[in-house]
Amino acid sequence: MANIRFENVRKLYGDHVIIDNLNFEIHSGERLVLLGPSGCGKSTILRMIAGLENVTEGHLYMRNERVNDIPPGKRNVGMVFQNYALYPHMTVKENITYGLKVKKVPTNEIEKRLDAAADFLQLKPYYDRKPSELSGGQRQRVALARSTVKNSDYFLLDEPLSNLDAQLRISARTALMDIHNQYKQTMVYVTHDQIEAMTFGTRIALLNKGVLQMLDTPENVYHRPANIFTAKFIGNPPANILENVEYTNGILQIGKQSIQLSDYWKNYVEKRDRNQLVLGIRPEHLQLSKTPIEGSIRAKVKHSENQGSNFAIHLDVEGVNAIAIEASNVFKDGEEVFVNITMDQIHFFDKETENNIGYPENIILKKSQLSNRRTNP
Amino acid sequence: MANIRFENVRKLYGDHVIIDNLNFEIHSGERLVLLGPSGCGKSTILRMIAGLENVTEGHLYMRNERVNDIPPGKRNVGMVFQNYALYPHMTVKENITYGLKVKKVPTNEIEKRLDAAADFLQLKPYYDRKPSELSGGQRQRVALARSTVKNSDYFLLDEPLSNLDAQLRISARTALMDIHNQYKQTMVYVTHDQIEAMTFGTRIALLNKGVLQMLDTPENVYHRPANIFTAKFIGNPPANILENVEYTNGILQIGKQSIQLSDYWKNYVEKRDRNQLVLGIRPEHLQLSKTPIEGSIRAKVKHSENQGSNFAIHLDVEGVNAIAIEASNVFKDGEEVFVNITMDQIHFFDKETENNIGYPENIILKKSQLSNRRTNP
Amino acid sequence: MLVYFKKIQWKTILLLSPSIVILSLFVLWPTIYTLYLSFFDWNMIAPTKNFVGLANYTDVLTNPNTYKVLVNTFWYIVILLILNFVVPYIFAFVLHLLIRNFKNFFKSAFFLPSFISLVVGSILATWILNPISGPLARIAQSIGLSIPNWSQTQGLVIVVISLVVTWKVFGYNFITLYAAISGISNEVIEAAKLDNIPSWRILKDIVMPMSSSTGVYILIMTIVTGLQYVYSPVKVITQGGPDSASSNLIYQSYHLAFDIYSTGTSAAFSILTLGLFVLLLFLEFWFVERRVHYEN
Amino acid sequence: NSLGSSKSSEASGPSKKDPTVIEYWYPNAETQGGKTVVELINKFNASQGKVVVKGVYNAGMYQGLMKNLQSAVAAGQSPALVQIGWSYREYFSNNFKYVEPQTIIDKYYPNDKNFLKEKYLSNILDLAVNNKGSQVGLPYSLSVPVLYLNMDILNKAGINPDDLKTWEAVAKASEKITQVTGKKGLYIAEAADTWNVQQMMESNGAKTLTNGKASFDSKEGIATYKFYQDLVKGGSALHIGIDQGQQAFVSGDVGMAHLTIGQRKNITQNSKFKAIAVPSPTFEGKELKVPAGGSLLAITADKAEEQKAAWEFEKFLYESDSVAAWTQGTGYLPETTDATNNKDLATLIEEDNMMGAAYSTLKNLISWAPFPGNSGLQAEQMLLDMRDRILGGGDVSTELKKTQDAINGLIK
Amino acid sequence: MKIEGRLSSVIWKWLFIVVVIIWIMPIIFALGTSFRTLQDVYNNVLAIFPTSLTFENYSQLYEQLPLFKIIMNNFTIATTVTILKLVTSFLAAYAFVYFSFNTKKPLYFILITTIFIPFTVTMVPNYLMLSKVGLTDNTLGVILPQIADAAGIFLLTQVMRSIPYSLIESAKLDEISNYRIMKDIVLPLIQPQMTSVGIWFFVNSWNEFVWPSLILKSKETYTLPLALQMYISSEGGTNFAVAMAVSVITMSIPLLLYLIFQKYIIGTFTSSGIK
Ligand SMILES: Nc1ncnc2c1ncn2[C@@H]1O[C@H](COP(=O)(O)OP(=O)(O)OP(=O)(O)O)[C@@H](O)[C@H]1O
Ligand SMILES: Nc1ncnc2c1ncn2[C@@H]1O[C@H](COP(=O)(O)OP(=O)(O)OP(=O)(O)O)[C@@H](O)[C@H]1O
Ligand SMILES: [Mg+2]
Ligand SMILES: [Mg+2]
């Protein structure tokens, strides 16, 4: 039962409150991805789990035991530090195997693990180099290799692939999943790469300023964001947020334009008795056409961005910026376009609390069709 | 004329050849993105431009002047180091303004630049912190701010946003573009983020093991990869590469299956007199259907990956791995599907040289329609 | 690495010349002069110097006392290395990483005796450790023990004199090593802690190598200045006795020069001592230096 | 010192002719009459206008003074007047330039023609004559070893101080003290010289030197060292360095101490017990001999003016009042015959038991092992090492033989 | 750090306390002795604190010596020596670490070798040299040879070599002059070592005895360690009480300076994480 539980955890650095009253549980053997803006406290959480940072207030449980006072070495945690923390005076090989040697793991076992790690991280040619003679990405890989050979119960990774190229990152990620499937460690993984978050995590915890925003499966985080922050944070480009949307009698007033809400939404919203709403919709759920369609609204193309496999079309919708994703770009800058909104895919947020007001039942059904969960490779 | 030209540049570390005979020019005022696998020599190139690393052999020109022996301070180069290189004993503010103060830039000018940089990088609350009291991403932002305030002729950025969250990364990138539009420095930008590379660079230089693979606009690099390496490296997921494709009389033999080549390709390939070919096609140019279509080939779904806005469907095509991108996932693991290949979007590579054999004229026309270049925001 | 500095030699000259001038004038030149004197039989004041070739050297090398002093010197080095290198290293490590409170108190308290001269330290030692009527002896007597007659006991006298030197030098070595250890990136040590590496291995495998550039300094200074510091307590307490049992190379060359006025043999003795030290330094550069971790 | 002297000559400005400034080097720490030296200098300077004496204290006793003198002379800057320890007599006279006092007298002060003969006992004057027969200087401080007694302890042990005339008796008393009181019986000074041992040896009929050759490896020599060694081995005598030894005695932990008369003040002032002294013991049936400690005054000035000035000052120092002050300040014995003209001094010698004990041995004075030539200092060191070895348990006869051979090897 | 850490840290703490007591006791003993009469010292060896407080030892000193002048001499010498040593060492170390020139290694080796040269070798030739230029009995004559010490170069070179080079590179890119790099980057980073070696230089120069005793003749130019020698004698006995009074004065001045700046000094030793 290698779980982790935060109970009313507070963490201060001096006077700065970094984490304020954190409560959540990481299940044994899951791969939890920690997401959040820079400086929100991700590394701090990892460091508290590792025991490198003391918990200012509250309780931290691991294996259902309170560990506030257990030293780091006794927690059986492996960790990839954000800035690597390699031993500068040891070679790559020594860096990777040092911990095992001290633990008196048999030499052939050490060699086996070393080879396996060096293999998937392509480190073999650098065994005898010192960290100072490596490139940034190579150093990061050594850091990753060092903690994978440890086979610990808990495995904390602080942006372990941020300095690797896309291809290597994919293969490393796949290898990490293989390792996880084999050893079923409890993994906590910090990343800024959304695709990594979506594909790697069994659950995602989204933090902002030390406060947990949402903790759910990747599908739910993406498709059913709990609040505006989540909707805006997840997705690249992020969800479009139209504030100042007025609801009256089934009609949404967006700036000077208005659209008719579908019936199930109308019922749902009316029951909630609100008329000041925030509308959220993902770029890929906006369809553009050159000619008006029933229920579409006018917008102007500001510019478009080639993203390789598709284009991000930046729009001006009633003075608000919005982005749509299109497979090909047939729009000229400044052109007027018509935006069609898929009613199934929109979110409404409370203007004050910024929380999602929820979904009518038949949307939930449809969304769940989408979230046909991927099985592990 | 703040250009940079490498002429037969070789760089060794001890006995290791890092860069072997590099020849290329970076135009004055352009935004060149340096791409390449980890350890290929990107940072080394930046460091040679900055003058921090000497050129073992060959000539490096800046402003059309040979600079091999010009000290770094005289080159007017700003640089974001991959490992930040912040001054540990100075506060954030001091770190950012130190260089300007020494240069005796007037105080109000310093304040202006500081504020501007701190603004777009959201650093204001941390002015009086030491680097050791910052999160990883915050440190990176300080490093970035420190070099942006410099307003130098050359601006070298070594993965400057790798530790930032997606939203901040986008806004920082946009701000960097604004700065660039204002000052028109010559920017060399190292990144592992493909979207960043595609959206930020006016040109992309792709390196592998110190050898230049391709140097062209993002569109051309994406849509007309010069060789197999480029095709495989660019794109996420990367292009599908089917080796061992036999060409005979307009028919491509792929494993046990065969497809008819379109006429223009047939003519083109025949003129080149080859029959051992490598076929490349991007995942988004594979269409899947549950029922066979004219010219499609059979494949098996291995598994699918939710990437947030779409799904990556991993296929087994005649024993070779391939990936297709679909907006929604209607396929079950293990199901048989039919893959339709868009003839306009395929690439053929020479089996030996691995170079692209080129395109028939009418494909060039069609592709250029796609690459309707984005203008700057 | 950077190569540009090669060109601006005048800056190098500017920065180095004060040290070079002063050291040449007050150390190098006297040394050369001493080398010259080592070939003469002279006492500095006699009007003529007698050239005696290598006689002074053979004198020194055939004198059994020389070897006695050499052995003493070896023991001084061993004891001083333990007390002034190994122990402060451990203490600095423990204080930095294992102790949480009163850090500043301990730092100051360890450093405190460094402020006192060795002459005073030696006088104090003579009194406090007087085996008949010193305070320690009185305390020992009251519980039925007695203090050994250390100043007349071969071996023990070296230990006690080393302790006096340690009393003064320990704090400086400690604080210098502490500064080096506290400069080590915390995260590297944290990485080791996570792996449940025992503290002594963290010290041996991580902290010592990573602070080794300062460590080398302390190592060498412990040997070199340690031996020079021994001079004061020996002079004050034992004058090298009993029967040269507390003498070392430095004291002996002083003794030859100023007690016996044998300038030539003293010069030869000093030159041989210097040669021995340089050999040690060479060995250090050979064996230790390559394992020292430098950032640049 | 050139700076210092020019400064003091300016200070005494108004006189018509600039006074002659000379340096006088002395080793007297504050505990050893340093204050008296300064008083005497001041008194002299105030008494006349022609000569200004600048006193220079040299730390580290005669040894330290010699070291500094060596350097100064090498640099061509010798002082005018120096105190030279007796043990340095030969070394000094063989290596430094000095003027015999009689030379100066004959040259400049014909009136003082008989000064030396009148002022000193001949055995005392001879102390300052080197092996080659040259009068190196004039005796200045005279010290002899005496046996200090802690009467509190002796009374407890039932020992009569009058019985302590021989070393044999002292040895018995020492054992008795240890038996009765548990304290240490005897401490014989172990300074960085073998002065005290020499007293024992010579008083046992052994000769340290015969015809310029070491001769202590004799039956008597061996017997003396054996005697000393047995004392230490027996446990009642203390074997310890001089600082700790005198500390132990003053603190009241030792019954008897064979120390220089120079310690008189220290002992009387700082001890709490009743302290007296008896003359150095001799061995049964043997004549008492005491080697002279202290120093001679040598004139090292080479300019006529300075030589004259030095002599003027020296003469002042030998005036009976000066000698009396000196004797009282240092605890040394008066070296001149007319010193007792000073009433205070006369009463002191008469009434002070310690002073009296020392004074009574003046007639037994011999000079301090004057090994010839430059070998003296090395020989002294060898004797010292030998003492350490013997007291540390070495075999007496082998050690004596070895050392004697080595010293004679040096002298040859 | 935590439970087990706590146990061993308690053991260590007690060990430290024992060492501290041993370290401090002699100082307290010296302090106590300086306020007792010599007779009291001889006869109540165990009493650390005076049975009857007396300032006699101090007043005796004050009468016999130009105490203020002596302290000023000492101060001038120690301060000058310390500053000159720190400056020259720092400059030389900087050149050795950050400049490259072809004779660097041998030159460095030679300079470091001078640390090994015992003072017995240099003492007399230096005396002869200085007396030739008339610097005997002169403060400058005491100062000059004391500056000739390569230990500072050695330490600072070692420390500078452990500063991450990228910091210097970053400054070089900004065309920061060497002077500013020294002042703004290198100096702050090696401040702990500068402080410790600076204190060490000061204290050792302050306590230096052998050389001044050779060169200083008149009481007006004396330093405190020479004053101490006036109360030490094997012939007349050592006046232990007065000697301790001199010692207390001698140690209390640097100690006082240390205590005044303690916050600052010890603070520099806690600045962790240069890298
Ligand atoms: N001091 C050195 N000695 C030997 N090899 C070195 C040294 N420094 C760098 N290298 C090698 O040079 C190659 C290029 O390094 P560089 O830092 O330029 O890579 P990079 O492209 O920036 O990689 P990354 O994306 O991982 O940062 C790497 O393979 C690295 O191992
Ligand atoms: N020693 C410190 N003193 C004060 N504040 C600190 C200290 N260390 C970290 N912080 C602050 O704590 C907050 C959380 O830091 P943390 O490193 O956990 O962020 P993070 O989520 O890992 O960010 P990033 O993605 O940029 O690495 C940051 O705002 C940081 O400025
Ligand atoms: Mg972080
Ligand atoms: Mg790099």
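Letters go in sequence order (proteins before strands), and every chain restarts at 1. All heavy atoms count here, side chains included; hydrogens, waters and symmetry mates do not. Model, not experiment: these values are computed from the prediction.
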Side-chain H-bond candidate by donor/acceptor type, B/Glu159 with B/Tyr189, under 3.5 Å:
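Looking only at side-chain atoms, B/Tyr189 and B/Glu159 do not form any donor-acceptor pair under 3.5 Å.
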Over all atoms of both residues, closest heavy-atom pair of A/Gln140 and A/Leu161
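Looking at all heavy atoms of both residues, the closest pair is OE1-C, 3.6 Å.
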Heavy-atom pairs under 4.5 Å with chain B, option from A/Leu168, A/Asn163, A/Ile195 with the top count
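Ranked by contacts with chain B, first place is A/Asn163.
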Please identify, among A/His192, A/Gln82, A/Glu133, A/Arg282, the residue contributing the most non-hydrogen atom pairs under 4.5 Å to chain B.
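Of the candidates given, the most pairs with chain B belong to A/His192.
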Under 4.5 Å from any heavy atom of chain A, what part of [X] do you find: side chain, backbone, both or neither?
{"X": "B/His314", "answer": "neither"}
{"X": "B/Gln194", "answer": "side chain"}
{"X": "B/Asn83", "answer": "side chain"}

What residue in B/Gln122, B/Lys232, B/His16 has the most heavy-atom pairs under 4.5 Å with chain A?
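Most pairs with chain A among the choices: B/His16.
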If I measure from the heavy atoms of chain B, does [X] come under 4.5 Å with its side chain, its backbone, both, or neither?
{"X": "A/Leu164", "result": "both"}
{"X": "A/Ser43", "result": "neither"}
{"X": "A/Lys42", "result": "neither"}

Is there a salt bridge (Lys or Arg N to Asp or Glu O under 4.0 Å) between B/Asp119 and B/Lys124 once you walk through the steps?
CA-CA 7 Å; B/Asp119 236 20; B/Lys124 286 236 165 102; 3.3 Å; yes
Under 4.0 Å between a Lys/Arg side-chain N and an Asp/Glu carboxylate O for B/Glu219 and B/Arg224?
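So B/Glu219 does not pair with B/Arg224 through a salt bridge.
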Would you kindly check if the NZ (Lys) or CZ (Arg) of B/Arg129 is within the cone defined by 45 degrees around the ring axis of A/Tyr13 and under 6.0 Å from the six-membered ring centre?
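The answer is no, since B/Arg129 fails at least one limit relative to A/Tyr13.
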Could you walk me through whether B/Asp193 and B/Arg169 pass the side chain to side chain contact (heavy atoms under 4.5 Å, CB included) check?
CA-CA 10 Å; B/Asp193 184 322; B/Arg169 196 182 293 187; 2.8 Å; yes
Taking the side chain as every heavy atom from C-beta outward, state whether B/Lys209 and B/Phe229 have any pair of such atoms under 4.5 Å apart.
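Result no, sub-4.5 Å side-chain heavy-atom pair not found.
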